[in-house]
Peer 1: 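What follows is a structure written as structure tokens; I'll ask about it next.
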Amino acid sequence: MNRRSALSLVAAHVAASPLFSAEDDDLYGPVNVHEFEDIARRKLHKLAYDFIAGGVEDERTLRSNRDAYGHWNLVPRVMVDVTNIDTSLDLFGIHLESPIIIAPTGGKELVMPRADEVVAKAALKSKTLLCSATGAKKLLDDGEPLNWWINGIGQPTKEQAVNFAKRTEDGGGKAIVLTVDNAYQSNRDRNNRNRFDYGMMSSGVPKAGEGMKPVNPATPVMWKPHTPNLTWSYIDWVRSASKIPIILKGIVAPEDAEIAVERGASGIVVSNHGGRQQDGVIGTLDALPDVVDAVSGKVPVLMDGGIRRGSDILKALSLGAKAVLVGRPPLWGLAAFGQPGVERVLWMLAAELKLSMGLSGQAKLSTITRRLVRKNA
Ligand SMILES: Cc1cc2nc3c(=O)[nH]c(=O)nc-3n(C[C@H](O)[C@H](O)[C@H](O)COP(=O)(O)O)c2cc1C
């Protein structure tokens with residue numbers, strides 16, 4: 001063997017064997033959100049991992065969300081003083097240090113008992129806004145300054161909606177986030193294959209590798225109505241009873257964004273439910289610019305879906321998002337290391353965003369514009 005091929009063999013070996021390998025119990029092992037997911041996958045029961053990671057049917061929407069970050073490239077600016085990076089913003093009267101919000105995610109009990117409370121504590125510690133009131137109650141009762149938005153799928157009658165809005169406002173909720181893409185329970189092949197049933201959550205957290213008794217036959221979940229009669233009148237109902245903002249989550253069509261603004265929505269979250277509702281839907285980063293144009297600055301537009309890196313967030317901000325929500329990343333942190341894992345994931349995303357801004361010549365959020373990104377030809 002000559003010297004060059006011997007050296008390339010050594011190089012290949014070094015590349016394949018990292019100096020340090022992340023241990024499952026080392027909070028500082030994973031160097032990015034993807035590696036938190038790897039640990040979560042090892043620790044969680046398959047049923048729980050699939051429930052969180054999975055999307056609907058062939059998971060095209062799930063992939064579209066991630067792929068969209070590859071369609072857009074940053075065009076960084078240079079020679080700007082980026083010694084200090086300020087990622088703070090004011091959103092619906094709340095001051096945030098970073099434009100990263102925890103998205104509502106039901107079913108956390110599959111990860112650990114009282115998971116909602118643990119995530120709420122992490123949000124408080126990280127000074128992050130939490131979208132979902134479940135689990136926050138104890139902290140609020142203790143007088144902790146947790147910022148929370150309540151999430152819901154709407155109530156079928158005006159009377160119920162009015163009561164809900166009043167209760168939320170009286171309870172200190174800072175906004176109602178109405179999930180509008182949930183007309184029917186979606187058809188998730190992974191859950192169907194695992195005989196997943198929402199009732200399983202009440203029977204505790206399954207351990208990794210443990211057998212679970214199938215509750216359901218492996219039939220596709222179809223035609224289970226959630227909110228098929230939810231219409232724009234819901235905004236009027238909430239408005240008649242409370243003054244807190246109502247933010248619509250789950251809009252990807254610019255036409256709907258226009259109507260939402262006309263009908264008095266206070267904000268919009270461009271979202272396809274993390275690829276969990278309908279397959280073959282546009283990736284949210286790709287949907288964002290048209291929605292932002294349709295809204296033309298009348299209300300804040302937020303977005304979620306597939307964010308795993310600070311540079312993903314910067315791209316979303318460049319395309320007009322005021323802030324972003326993250327769904328699975330905090331759950332990977334939770335499954336990997338509990339509350340410190342959630343905090344670490346949030347910290348990592350915030351730090352990566354700052355770095356990405358610093359390397360793009362952006363010292364504050366207000367300088368970020370659409371000119372910072374270009375779509376691949
Ligand atoms: C396990 C899980 C449960 C979710 N539950 C809800 C929910 O109850 N209401 C809702 O509006 N969105 C729900 N979502 C969607 C998230 O709010 C968010 O839109 C999505 O996760 C963003 O994509 P990401 O996970 O790639 O960040 C859920 C997502 C996950 C992963």
Side-chain angles (χ1 to χ4, degrees), residues 33-34 36-37 40-41 44-45 47-56 59 61-69 99-112 115-116 119 123 128-135 149-154 175-186 188 190-191 194 196 198 200-201 205 226-227 230 246-252 268-278 281-285 287-288 302-310 312-313 316 321 323-335 342 345-346 348-349:
V33 170
H34 303 297
F36 274 95
E37 177 175 352
R41 188 189 294 117
L44 286 173
H45 191 282
L47 174 143
Y49 174 77
D50 279 352
F51 171 74
I52 297 168
V56 66
E59 302 192 337
T61 311
L62 185 71
R63 285 193 296 281
S64 295
N65 280 350
R66 280 298 299 146
D67 290 349
Y69 297 97
I100 304 170
I101 297 167
I102 300 180
T105 50
K108 291 185 206 57
E109 312 85 77
L110 279 172
V111 176
M112 65 169 64
D116 278 308
V119 171
T128 307
L129 198 147
L130 174 73
C131 179
S132 163
T134 340
W149 291 347
I150 195 161
N151 171 243
I153 58 170
I176 291 173
V177 177
L178 180 70
T179 299
V180 295
D181 59 1
N182 200 9
Y184 288 92
Q185 185 168 321
S186 62
R188 300 187 195 150
R190 293 202 213 194
N191 289 355
N194 292 336
F196 176 86
Y198 281 86
M200 285 173 168
M201 297 190 194
V205 185
H226 278 177
T227 53
L230 183 71
I246 170 156
I247 302 163
L248 305 191
K249 173 178 180 286
I251 285 183
V252 286
I268 285 170
V269 182
V270 173
S271 172
N272 54 32
H273 219 111
R276 296 165 76 80
Q277 284 304 98
Q278 172 151 225
V281 172
I282 185 170
T284 45
L285 191 76
L288 181 62
L302 287 67
M303 72 85 73
D304 72 18
I307 287 171
R308 303 294 180 266
R309 287 285 190 179
D312 298 339
I313 302 173
V324 300
L325 285 71
V326 285
R328 294 177 183 85
L331 298 184
W332 300 143
L334 182 74
V342 181
V345 162
L346 293 170
M348 212 172 239
L349 287 172

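For ligands, and for the atoms within them, numbers begin at 1 and follow the listed sequence. It should be emphasised that the depicted structure is a prediction, and the values quoted were computed from it without experimental measurement. For this chain, numbers begin at 1 and follow the sequence in order.
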Peer 1: Suppose we screen for side chain to side chain contact (heavy atoms under 4.5 Å, CB included). Which residues come up paired with N151, at least two apart in sequence or across chains?
Peer 2: P104, C131, V177, T179

Peer 1: Taking the six-membered ring of F36 as reference, does the NZ or CZ atom of R308 fall below 6.0 Å from its centre and within a 45° cone about the axis?
Peer 2: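 No - R308 does not lie over the ring of F36 by the 6.0 Å and 45° rule.
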
Peer 1: I'd like to check which ligand 1 atoms, numbered from 1 as shown, lie under 4.0 Å from a non-hydrogen atom of G274.
Peer 2: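 Close to G274: 19 (O), 20 (C), 22 (C), 23 (O).
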
Peer 1: Going by the closest heavy atom to atom 1 (C) of ligand 1, which one wins out of R328, K108, K249, R276?
Peer 2: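 Nearest heavy atom to atom 1 (C) of ligand 1 lies in R276.
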
Peer 1: Between R66 and D312, is any pair of side-chain heavy atoms under 4.5 Å apart?
Peer 2: yes

Peer 1: Examine P329 against ligand 1 and note whether any of their N/O atoms are separated by less than 3.5 Å.
Peer 2: no

Peer 1: Measure across V270 and A287 and return the closest heavy-atom pair with its distance rounded to 0.1 Å.
Peer 2: CG1-CB, 4.2 Å

Peer 1: Please check if any side-chain donor atom of S271 sits under 3.5 Å from a side-chain acceptor atom of D304, or the reverse.
Peer 2: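 Note: S271 and D304 side chains meet the donor-acceptor criterion.
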
Peer 1: Below 4.0 Å, non-hydrogen atoms only: which portion of R308 touches ligand 1? Side chain, backbone, both or neither.
Peer 2: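 Just the side chain.
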
Peer 1: In terms of residue, atom name and distance, what is the protein heavy atom nearest to atom 19 (O) of ligand 1?
Peer 2: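 I find the closest protein heavy atom is D304 OD2, 2.7 Å.
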
Peer 1: For V180, run the side chain to side chain contact (heavy atoms under 4.5 Å, CB included) check against I251, T227, I153 and tell me which one passes.
Peer 2: I251

Peer 1: Heavy atom to atom 16 (C) of ligand 1, shortest distance: which of G275, A53, P104, G327 holds it?
Peer 2: P104

Peer 1: Starting from atom 4 (C) of ligand 1, which protein heavy atom do you reach first, and at what distance in Å?
Peer 2: T105 CA, 3.3 Å

Peer 1: Tell me: protein heavy atom nearest atom 5 (N) of ligand 1, and distance?
Peer 2: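 Sorting protein heavy atoms by distance from atom 5 (N) of ligand 1 puts G106 N, 3.0 Å first.
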
Peer 1: With a 4.0 Å cut-off on heavy atoms, is N151 in contact with ligand 1?
Peer 2: yes

Peer 1: Please check whether V326 reaches ligand 1 - meaning an N/O of the residue sits under 3.5 Å from an N/O of the ligand, judged on distance alone.
Peer 2: no

Peer 1: Tell me the contacting part of T179 for ligand 1: side chain, backbone, both, or neither, using a 4.0 Å heavy-atom threshold, strictly below.
Peer 2: side chain

Peer 1: Does the side chain of N182 come under 3.5 Å of the side chain of Q277 through a donor N or O and an acceptor N or O?
Peer 2: yes

Peer 1: Does G305 come within less than 4.0 Å of ligand 1, judged by its heavy atoms?
Peer 2: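 It does; at least one heavy atom falls under 4.0 Å.
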
Peer 1: Grab the two heavy atoms, one from L349 and one from R309, that are nearest each other, plus how far apart they are.
Peer 2: CD2-N, 3.8 Å

Peer 1: Using a 4.0 Å cutoff against the non-hydrogen atoms of F51, which atoms of ligand 1 qualify?
Peer 2: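 Close to F51: 1 (C).
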
Peer 1: What's the shortest distance from atom 15 (C) of ligand 1 to any protein heavy atom, and which residue and atom give it?
Peer 2: H273 CD2, 3.6 Å

Peer 1: Need the ligand 1 atom indices (1-based, order shown) with element for anything under 4.0 Å from a heavy-atom of S271.
Peer 2: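 What qualifies from ligand 1 is 19 (O).
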
Peer 1: Going by heavy atoms in the side chains, are I307 and M303 under 4.5 Å from each other?
Peer 2: yes

Peer 1: Can you name the nearest heavy-atom pair linking T128 to I100, along with the distance?
Peer 2: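 Scanning both residues, the minimum pair turns out to be CG2-O, 3.1 Å.
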
Peer 1: Side chain or backbone, does G306 bring an N or O within less than 3.5 Å of an N or O on ligand 1?
Peer 2: yes

